[in-house]
2 protein chains.
Amino acid sequence: MSEKKTSTSHHSAIKHVVSSLDSHAGFWLRFVSNYVSARFEASVAVERVSLSEWVALRSLFDTGASDPFALMRELGMTKGAVSKIITRLEEKGMVSRQTSAIDKRATQILLTATGKNLVPRLATLADENDALFFGHLSDKQRSELISVMKQIADMHDLKVVPVK
Amino acid sequence: MSEKKTSTSHHSAIKHVVSSLDSHAGFWLRFVSNYVSARFEASVAVERVSLSEWVALRSLFDTGASDPFALMRELGMTKGAVSKIITRLEEKGMVSRQTSAIDKRATQILLTATGKNLVPRLATLADENDALFFGHLSDKQRSELISVMKQIADMHDLKVVPVK
DNA sequence: TATTGTTATACTCTATAACTATA
DNA sequence: TATAGTTATAGAGTATAACAATA
(Lines give C-alpha, C1' and ligand atoms only; values in the text may rest on other atoms or scores of the structure.)
Protein backbone atom coordinates (compact mmCIF):
# COMPACT_ATOMS: atom_id res chain seq x y z
CA MET A 1 0.00 0.00 0.00
CA SER A 2 1.10 3.53 -0.69
CA GLU A 3 2.20 5.53 2.31
CA LYS A 4 0.69 8.91 1.51
CA LYS A 5 1.37 11.34 4.26
CA THR A 6 -0.28 14.58 5.14
CA SER A 7 -0.67 16.57 1.96
CA THR A 8 -0.28 20.29 1.59
CA SER A 9 -2.20 22.22 -1.00
CA HIS A 10 0.11 23.43 -3.71
CA HIS A 11 -2.30 25.59 -5.59
CA SER A 12 -3.29 28.17 -3.06
CA ALA A 13 -1.62 31.11 -1.37
CA ILE A 14 -2.82 29.85 1.98
CA LYS A 15 -1.57 26.39 2.79
CA HIS A 16 -4.26 24.01 3.89
CA VAL A 17 -2.88 20.99 5.66
CA VAL A 18 -5.23 18.13 5.06
CA SER A 19 -4.89 14.69 6.58
CA SER A 20 -4.60 11.94 4.01
CA LEU A 21 -7.51 9.64 3.27
CA ASP A 22 -5.70 6.56 4.44
CA SER A 23 -4.69 7.94 7.82
CA HIS A 24 -8.21 7.08 8.94
CA ALA A 25 -9.11 3.75 10.48
CA GLY A 26 -12.51 4.15 8.82
CA PHE A 27 -10.85 4.27 5.42
CA TRP A 28 -9.12 0.95 5.94
CA LEU A 29 -12.20 -0.67 7.37
CA ARG A 30 -14.24 0.34 4.34
CA PHE A 31 -11.43 -0.60 2.01
CA VAL A 32 -11.29 -4.18 3.24
CA SER A 33 -14.95 -4.55 4.11
CA ASN A 34 -16.14 -3.58 0.65
CA TYR A 35 -13.92 -6.20 -0.92
CA VAL A 36 -15.01 -8.89 1.50
CA SER A 37 -18.66 -8.08 0.87
CA ALA A 38 -18.25 -7.76 -2.88
CA ARG A 39 -16.63 -11.16 -3.09
CA PHE A 40 -19.36 -12.75 -1.01
CA GLU A 41 -21.99 -10.99 -3.10
CA ALA A 42 -20.44 -12.49 -6.21
CA SER A 43 -20.34 -15.97 -4.69
CA VAL A 44 -24.01 -15.98 -3.62
CA ALA A 45 -25.00 -14.46 -6.97
CA VAL A 46 -24.19 -17.85 -8.48
CA GLU A 47 -27.23 -19.14 -6.56
CA ARG A 48 -29.28 -16.13 -7.78
CA VAL A 49 -29.30 -14.53 -4.33
CA SER A 50 -28.44 -10.91 -3.49
CA LEU A 51 -26.95 -9.73 -0.19
CA SER A 52 -30.23 -8.47 1.21
CA GLU A 53 -31.95 -11.66 0.09
CA TRP A 54 -29.26 -13.65 1.90
CA VAL A 55 -29.82 -11.78 5.15
CA ALA A 56 -33.56 -12.37 4.83
CA LEU A 57 -33.10 -16.09 4.11
CA ARG A 58 -30.63 -16.43 6.97
CA SER A 59 -33.04 -14.75 9.35
CA LEU A 60 -35.90 -17.00 8.25
CA PHE A 61 -33.71 -20.06 8.69
CA ASP A 62 -32.97 -19.09 12.29
CA THR A 63 -36.52 -18.29 13.25
CA GLY A 64 -38.29 -20.98 11.23
CA ALA A 65 -40.82 -18.42 10.08
CA SER A 66 -41.17 -14.71 10.29
CA ASP A 67 -43.24 -11.71 9.30
CA PRO A 68 -42.32 -8.65 7.26
CA PHE A 69 -42.06 -6.49 10.37
CA ALA A 70 -39.36 -8.71 11.85
CA LEU A 71 -37.51 -8.65 8.55
CA MET A 72 -37.75 -4.86 8.46
CA ARG A 73 -35.81 -4.81 11.72
CA GLU A 74 -33.27 -7.36 10.51
CA LEU A 75 -32.69 -5.64 7.21
CA GLY A 76 -33.05 -2.04 8.34
CA MET A 77 -35.33 -1.32 5.42
CA THR A 78 -38.80 0.09 4.91
CA LYS A 79 -41.79 -2.20 4.60
CA GLY A 80 -42.03 -1.44 0.89
CA ALA A 81 -38.47 -2.57 0.27
CA VAL A 82 -38.97 -5.69 2.38
CA SER A 83 -42.13 -6.54 0.49
CA LYS A 84 -40.21 -6.46 -2.76
CA ILE A 85 -37.45 -8.66 -1.40
CA ILE A 86 -40.04 -11.22 -0.30
CA THR A 87 -41.65 -11.09 -3.72
CA ARG A 88 -38.31 -11.73 -5.39
CA LEU A 89 -37.59 -14.69 -3.10
CA GLU A 90 -41.10 -16.00 -3.71
CA GLU A 91 -40.61 -15.81 -7.47
CA LYS A 92 -37.45 -17.84 -7.07
CA GLY A 93 -39.35 -20.44 -5.06
CA MET A 94 -37.29 -19.92 -1.91
CA VAL A 95 -40.03 -18.61 0.39
CA SER A 96 -43.81 -18.60 0.48
CA ARG A 97 -46.33 -16.13 1.88
CA GLN A 98 -49.16 -17.30 4.10
CA THR A 99 -51.94 -15.11 5.43
CA SER A 100 -52.44 -15.41 9.16
CA ALA A 101 -55.74 -17.01 10.18
CA ILE A 102 -55.97 -14.85 13.30
CA ASP A 103 -55.33 -11.49 11.67
CA LYS A 104 -55.98 -11.53 7.97
CA ARG A 105 -53.85 -8.42 7.46
CA ALA A 106 -50.76 -10.21 8.72
CA THR A 107 -48.48 -12.41 6.63
CA GLN A 108 -46.19 -15.21 7.64
CA ILE A 109 -43.15 -15.85 5.54
CA LEU A 110 -41.91 -19.42 5.34
CA LEU A 111 -38.88 -21.00 3.78
CA THR A 112 -39.78 -23.55 1.12
CA ALA A 113 -37.90 -26.84 0.86
CA THR A 114 -35.72 -25.18 -1.75
CA GLY A 115 -34.99 -22.31 0.63
CA LYS A 116 -34.19 -24.65 3.49
CA ASN A 117 -31.72 -26.55 1.39
CA LEU A 118 -30.17 -23.40 0.05
CA VAL A 119 -29.28 -21.66 3.32
CA PRO A 120 -26.66 -24.16 4.52
CA ARG A 121 -25.04 -24.04 1.10
CA LEU A 122 -24.86 -20.26 1.19
CA ALA A 123 -23.62 -20.39 4.79
CA THR A 124 -20.73 -22.52 3.61
CA LEU A 125 -19.89 -19.85 1.06
CA ALA A 126 -19.95 -17.28 3.88
CA ASP A 127 -17.58 -19.41 5.93
CA GLU A 128 -15.23 -19.82 3.00
CA ASN A 129 -15.30 -16.13 2.22
CA ASP A 130 -14.44 -15.21 5.79
CA ALA A 131 -11.65 -17.76 5.90
CA LEU A 132 -10.22 -16.37 2.69
CA PHE A 133 -9.78 -12.89 4.13
CA PHE A 134 -9.35 -13.52 7.86
CA GLY A 135 -8.20 -17.13 8.06
CA HIS A 136 -4.54 -16.19 8.25
CA LEU A 137 -5.02 -14.18 11.44
CA SER A 138 -4.08 -15.74 14.75
CA ASP A 139 -6.94 -16.54 17.12
CA LYS A 140 -5.82 -13.64 19.25
CA GLN A 141 -5.84 -11.23 16.32
CA ARG A 142 -9.26 -12.36 15.14
CA SER A 143 -10.86 -12.12 18.55
CA GLU A 144 -9.23 -8.74 19.19
CA LEU A 145 -10.56 -7.48 15.86
CA ILE A 146 -14.08 -8.70 16.54
CA SER A 147 -13.93 -7.39 20.08
CA VAL A 148 -12.96 -3.89 18.92
CA MET A 149 -15.81 -3.92 16.40
CA LYS A 150 -18.32 -5.12 18.99
CA GLN A 151 -17.15 -2.41 21.37
CA ILE A 152 -17.78 0.27 18.75
CA ALA A 153 -21.16 -1.24 17.94
CA ASP A 154 -22.09 -1.14 21.61
CA MET A 155 -20.80 2.40 22.16
CA HIS A 156 -22.87 3.77 19.30
CA ASP A 157 -25.81 1.48 19.84
CA LEU A 158 -25.59 0.04 16.34
CA LYS A 159 -28.34 -2.49 15.84
CA VAL A 160 -29.46 -3.20 12.33
CA VAL A 161 -27.78 -5.85 10.24
CA PRO A 162 -26.04 -3.82 7.57
CA VAL A 163 -26.83 -4.93 4.05
CA LYS A 164 -25.65 -2.41 1.53
CA MET B 1 -24.82 -7.16 21.08
CA SER B 2 -26.63 -10.47 20.86
CA GLU B 3 -24.54 -13.56 21.25
CA LYS B 4 -26.12 -15.87 18.72
CA LYS B 5 -24.31 -19.14 18.56
CA THR B 6 -24.33 -21.82 15.96
CA SER B 7 -27.91 -22.43 14.95
CA THR B 8 -29.48 -25.73 14.07
CA SER B 9 -32.34 -26.01 11.64
CA HIS B 10 -35.52 -26.97 13.46
CA HIS B 11 -37.74 -27.51 10.47
CA SER B 12 -36.04 -30.30 8.67
CA ALA B 13 -35.54 -34.00 9.26
CA ILE B 14 -31.84 -33.60 8.54
CA LYS B 15 -30.15 -31.17 10.85
CA HIS B 16 -28.07 -28.59 9.09
CA VAL B 17 -25.61 -26.90 11.40
CA VAL B 18 -25.03 -23.41 10.14
CA SER B 19 -22.56 -20.96 11.61
CA SER B 20 -24.16 -17.74 12.79
CA LEU B 21 -23.83 -14.55 10.80
CA ASP B 22 -21.96 -12.74 13.54
CA SER B 23 -19.32 -15.40 14.03
CA HIS B 24 -17.63 -13.91 10.98
CA ALA B 25 -15.05 -11.16 11.22
CA GLY B 26 -16.38 -9.90 7.90
CA PHE B 27 -19.81 -9.43 9.41
CA TRP B 28 -18.47 -7.17 12.13
CA LEU B 29 -16.29 -5.25 9.76
CA ARG B 30 -19.24 -4.52 7.50
CA PHE B 31 -21.46 -3.79 10.45
CA VAL B 32 -19.20 -1.05 11.77
CA SER B 33 -17.86 0.14 8.43
CA ASN B 34 -21.31 0.78 6.99
CA TYR B 35 -22.23 2.95 9.94
CA VAL B 36 -18.98 4.90 9.80
CA SER B 37 -19.43 5.50 6.07
CA ALA B 38 -23.12 6.31 6.36
CA ARG B 39 -22.45 8.93 8.99
CA PHE B 40 -19.68 10.51 6.94
CA GLU B 41 -21.91 10.43 3.88
CA ALA B 42 -24.56 12.32 5.83
CA SER B 43 -22.07 14.90 7.06
CA VAL B 44 -20.65 15.69 3.62
CA ALA B 45 -24.18 15.74 2.17
CA VAL B 46 -24.64 19.01 4.06
CA GLU B 47 -22.10 20.45 1.61
CA ARG B 48 -23.97 18.82 -1.31
CA VAL B 49 -21.21 16.26 -1.87
CA SER B 50 -21.63 12.49 -2.22
CA LEU B 51 -19.04 9.89 -1.20
CA SER B 52 -17.74 9.32 -4.71
CA GLU B 53 -17.64 13.08 -5.30
CA TRP B 54 -15.61 13.43 -2.12
CA VAL B 55 -13.05 10.87 -3.27
CA ALA B 56 -12.78 12.66 -6.61
CA LEU B 57 -12.35 16.08 -4.96
CA ARG B 58 -9.80 14.67 -2.53
CA SER B 59 -7.83 13.14 -5.35
CA LEU B 60 -7.86 16.38 -7.33
CA PHE B 61 -6.73 18.30 -4.26
CA ASP B 62 -3.71 16.04 -3.89
CA THR B 63 -2.68 16.10 -7.52
CA GLY B 64 -3.58 19.70 -8.31
CA ALA B 65 -5.19 18.60 -11.53
CA SER B 66 -6.12 15.32 -13.07
CA ASP B 67 -7.78 13.61 -15.99
CA PRO B 68 -10.74 11.24 -16.13
CA PHE B 69 -8.51 8.23 -16.59
CA ALA B 70 -6.67 8.88 -13.34
CA LEU B 71 -10.00 9.34 -11.59
CA MET B 72 -11.24 6.05 -13.04
CA ARG B 73 -8.37 4.35 -11.24
CA GLU B 74 -8.98 6.22 -8.00
CA LEU B 75 -12.69 5.58 -8.00
CA GLY B 76 -12.70 2.13 -9.51
CA MET B 77 -15.45 3.12 -11.90
CA THR B 78 -16.03 3.12 -15.62
CA LYS B 79 -15.31 6.19 -17.71
CA GLY B 80 -19.03 6.81 -18.14
CA ALA B 81 -19.60 6.92 -14.41
CA VAL B 82 -16.59 9.18 -13.88
CA SER B 83 -17.80 11.53 -16.60
CA LYS B 84 -21.09 11.92 -14.78
CA ILE B 85 -19.40 12.61 -11.47
CA ILE B 86 -17.31 15.32 -13.09
CA THR B 87 -20.43 16.83 -14.63
CA ARG B 88 -22.15 16.90 -11.26
CA LEU B 89 -19.13 18.58 -9.64
CA GLU B 90 -18.94 21.03 -12.53
CA GLU B 91 -22.60 21.95 -12.11
CA LYS B 92 -21.92 22.66 -8.45
CA GLY B 93 -19.01 24.90 -9.42
CA MET B 94 -16.41 22.75 -7.67
CA VAL B 95 -14.37 21.68 -10.69
CA SER B 96 -13.90 22.81 -14.25
CA ARG B 97 -13.10 20.93 -17.44
CA GLN B 98 -10.37 22.13 -19.76
CA THR B 99 -9.54 20.62 -23.13
CA SER B 100 -5.88 19.83 -23.57
CA ALA B 101 -4.12 21.96 -26.20
CA ILE B 102 -1.82 19.09 -27.17
CA ASP B 103 -4.47 16.44 -27.64
CA LYS B 104 -7.92 17.88 -28.16
CA ARG B 105 -9.54 14.60 -27.13
CA ALA B 106 -8.06 14.83 -23.64
CA THR B 107 -9.58 16.74 -20.74
CA GLN B 108 -7.95 18.18 -17.66
CA ILE B 109 -10.06 18.51 -14.56
CA LEU B 110 -9.24 21.37 -12.22
CA LEU B 111 -10.54 22.34 -8.83
CA THR B 112 -12.16 25.77 -8.82
CA ALA B 113 -11.59 28.21 -5.98
CA THR B 114 -14.80 26.92 -4.46
CA GLY B 115 -13.53 23.37 -4.70
CA LYS B 116 -10.16 24.25 -3.21
CA ASN B 117 -11.83 25.87 -0.23
CA LEU B 118 -14.23 23.02 0.21
CA VAL B 119 -11.78 20.13 0.47
CA PRO B 120 -10.15 21.13 3.77
CA ARG B 121 -13.58 21.67 5.26
CA LEU B 122 -14.68 18.19 4.20
CA ALA B 123 -11.38 16.75 5.41
CA THR B 124 -12.15 18.15 8.84
CA LEU B 125 -15.48 16.34 8.74
CA ALA B 126 -13.60 13.14 7.85
CA ASP B 127 -11.26 13.63 10.80
CA GLU B 128 -14.16 14.25 13.15
CA ASN B 129 -16.02 11.22 11.88
CA ASP B 130 -13.04 8.96 12.38
CA ALA B 131 -12.44 10.34 15.86
CA LEU B 132 -16.06 9.71 16.76
CA PHE B 133 -15.82 6.00 16.04
CA PHE B 134 -12.15 5.20 16.65
CA GLY B 135 -10.97 8.02 18.93
CA HIS B 136 -11.47 5.98 22.07
CA LEU B 137 -9.03 3.29 20.96
CA SER B 138 -5.51 3.31 22.34
CA ASP B 139 -2.73 4.13 19.88
CA LYS B 140 -1.73 0.50 20.00
CA GLN B 141 -5.25 -0.69 19.20
CA ARG B 142 -5.66 1.75 16.33
CA SER B 143 -2.32 0.91 14.74
CA GLU B 144 -2.94 -2.82 15.19
CA LEU B 145 -6.34 -2.44 13.51
CA ILE B 146 -4.95 -0.49 10.59
CA SER B 147 -2.02 -2.86 10.29
CA VAL B 148 -4.30 -5.89 10.08
CA MET B 149 -6.38 -4.17 7.39
CA LYS B 150 -3.30 -3.17 5.40
CA GLN B 151 -2.01 -6.71 5.64
CA ILE B 152 -5.25 -8.06 4.17
CA ALA B 153 -5.19 -5.41 1.44
CA ASP B 154 -1.65 -6.41 0.54
CA MET B 155 -2.35 -10.14 0.60
CA HIS B 156 -5.25 -9.78 -1.80
CA ASP B 157 -3.71 -7.02 -3.82
CA LEU B 158 -6.62 -4.67 -3.15
CA LYS B 159 -5.99 -1.41 -4.91
CA VAL B 160 -8.96 0.75 -5.73
CA VAL B 161 -10.29 3.28 -3.27
CA PRO B 162 -13.62 1.80 -2.29
CA VAL B 163 -16.51 4.18 -2.69
CA LYS B 164 -19.81 2.40 -2.44
C1' DT C 1 -59.30 5.44 12.59
C1' DA C 2 -55.22 2.57 12.99
C1' DT C 3 -52.55 -1.13 11.16
C1' DT C 4 -50.54 -4.65 7.76
C1' DG C 5 -48.84 -5.08 3.68
C1' DT C 6 -48.64 -4.03 -1.56
C1' DT C 7 -47.92 -1.13 -5.30
C1' DA C 8 -46.91 3.10 -8.04
C1' DT C 9 -43.60 6.41 -8.54
C1' DA C 10 -39.35 8.53 -8.32
C1' DC C 11 -34.51 8.88 -7.39
C1' DT C 12 -29.51 7.61 -6.90
C1' DC C 13 -25.89 5.19 -8.56
C1' DT C 14 -23.48 2.60 -11.85
C1' DA C 15 -22.55 -0.53 -15.97
C1' DT C 16 -22.86 -1.30 -20.89
C1' DA C 17 -22.60 0.16 -25.16
C1' DA C 18 -23.45 3.38 -28.88
C1' DC C 19 -21.70 7.58 -30.35
C1' DT C 20 -18.69 11.99 -31.42
C1' DA C 21 -14.44 14.07 -32.05
C1' DT C 22 -9.73 13.69 -32.49
C1' DA C 23 -5.49 11.19 -33.40
C1' DT D 1 -8.45 2.11 -36.67
C1' DA D 2 -7.57 3.47 -32.00
C1' DT D 3 -8.37 6.52 -28.22
C1' DA D 4 -10.69 10.14 -25.01
C1' DG D 5 -14.67 11.28 -23.46
C1' DT D 6 -19.96 11.91 -23.54
C1' DT D 7 -24.45 10.31 -23.67
C1' DA D 8 -28.40 7.07 -24.06
C1' DT D 9 -30.24 3.27 -22.03
C1' DA D 10 -31.04 -0.05 -18.69
C1' DG D 11 -30.92 -2.26 -14.27
C1' DA D 12 -30.46 -2.76 -9.22
C1' DG D 13 -31.81 -1.12 -5.05
C1' DT D 14 -34.34 1.67 -1.96
C1' DA D 15 -37.42 5.53 -0.10
C1' DT D 16 -41.84 7.87 -0.13
C1' DA D 17 -46.39 7.90 -0.32
C1' DA D 18 -50.82 6.45 -2.07
C1' DC D 19 -53.60 2.54 -1.69
C1' DA D 20 -56.54 -1.81 -0.31
C1' DA D 21 -57.91 -4.86 3.10
C1' DT D 22 -58.62 -5.82 7.71
C1' DA D 23 -59.01 -4.67 12.56
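The structure displayed is predicted, hence computed values, not measured ones. Chain A is the first sequence line, chain B the second, and so forth, proteins listed ahead of strands; every chain is numbered from 1.
Projected onto DNA chain D by closest heavy-atom contact, A:Ala101 and B:Val82 fall at different nucleotides, the more 5' of which corresponds to B:Val82. Between A:Ala81 and A:Ile102, the residue anchored nearer the 5' end of DNA chain D, judged by the nucleotide with its closest heavy atom, is A:Ala81.
For A:Lys84 and D:dT14, a side-chain-to-base donor-acceptor distance below 3.5 Å is present, hydrogens and geometry of angles not being considered.
A:Arg105 and A:Thr99 are not linked by any side-chain donor-acceptor pair at a separation below 3.5 angstrom, with hydrogens and angles left out of the test. A donor-acceptor contact closer than 3.5 angstrom is absent between the side chains of A:Asn129 and B:His24.
Once rounded to the nearest 0.5 Å, the distance linking CG of A:Leu125 with CH2 of A:Trp54 reads 8.5 Å.
Rounded to whole Å, atom P of D:dA2 lies 17 Å from atom CG of B:Asp103. We find that CD1 of A:Ile86 is positioned 11 Å from C1' of C:dT4, with the value rounded to whole Å. Following rounding to the nearest Å, A:Arg88 (CZ) and C:dT7 (P) show an atom-to-atom distance of 14 Å. The separation between A:Asn34 atom CG and C:dC13 atom P is 15 Å, rounded to whole Å. B:Met72 places its CE atom 11 Å from the P atom of C:dT16, with the value rounded to the nearest Å. Per the geometry, CD belonging to B:Glu41 stands 14 Å off C1' belonging to C:dC11, to the nearest Å. A:Leu71 places its CG atom 15 Å from the P atom of C:dT4, with the value rounded to the nearest Å. A:Met77 places its CE atom 17 Å from the P atom of C:dG5, with the value rounded to the nearest Å.
Across D:dT6, D:dG5, D:dA15, the shortest atom-to-atom separation from the side chain of A:Thr78 is found for D:dA15. When distances are taken from the side chain of A:Lys104 to each of C:dA23, C:dT6, D:dT22, the shortest belongs to D:dT22. Taking the side chain of A:Asp67 as heavy atoms from C-beta on, and the options C:dG5, D:dG13, C:dT14, the nearest nucleotide is C:dG5. For A:Arg105, taking side-chain heavy atoms from C-beta onward, the closest of the listed nucleotides C:dT9, C:dA2, D:dA4 is C:dA2.
Side-chain nitrogen and oxygen atoms of A:Arg97 include at least one within less than 4.0 Å of the OP1 or OP2 phosphate oxygen of C:dT6. Look at A:Ser52 and you'll find a side-chain N or O under 4.0 angstrom from OP1 or OP2 of D:dT14.
Among A:Val119, A:Leu110, A:Ile86, A:Val95, the one residue that satisfies the side-chain contact (heavy atoms from CB on, under 4.5 Å) test with A:Leu60 is A:Val95.
The aromatic ring centroids of B:His156 and A:Phe133 lie less than 6.0 Å from each other.
Using a 4.0 Å heavy-atom distance criterion, A:Thr87 is classed as making no nucleic acid contact. Across all strands, A:Thr107 comes closer than 4.0 Å only to sugar-phosphate atoms, never to a base (heavy-atom distances).
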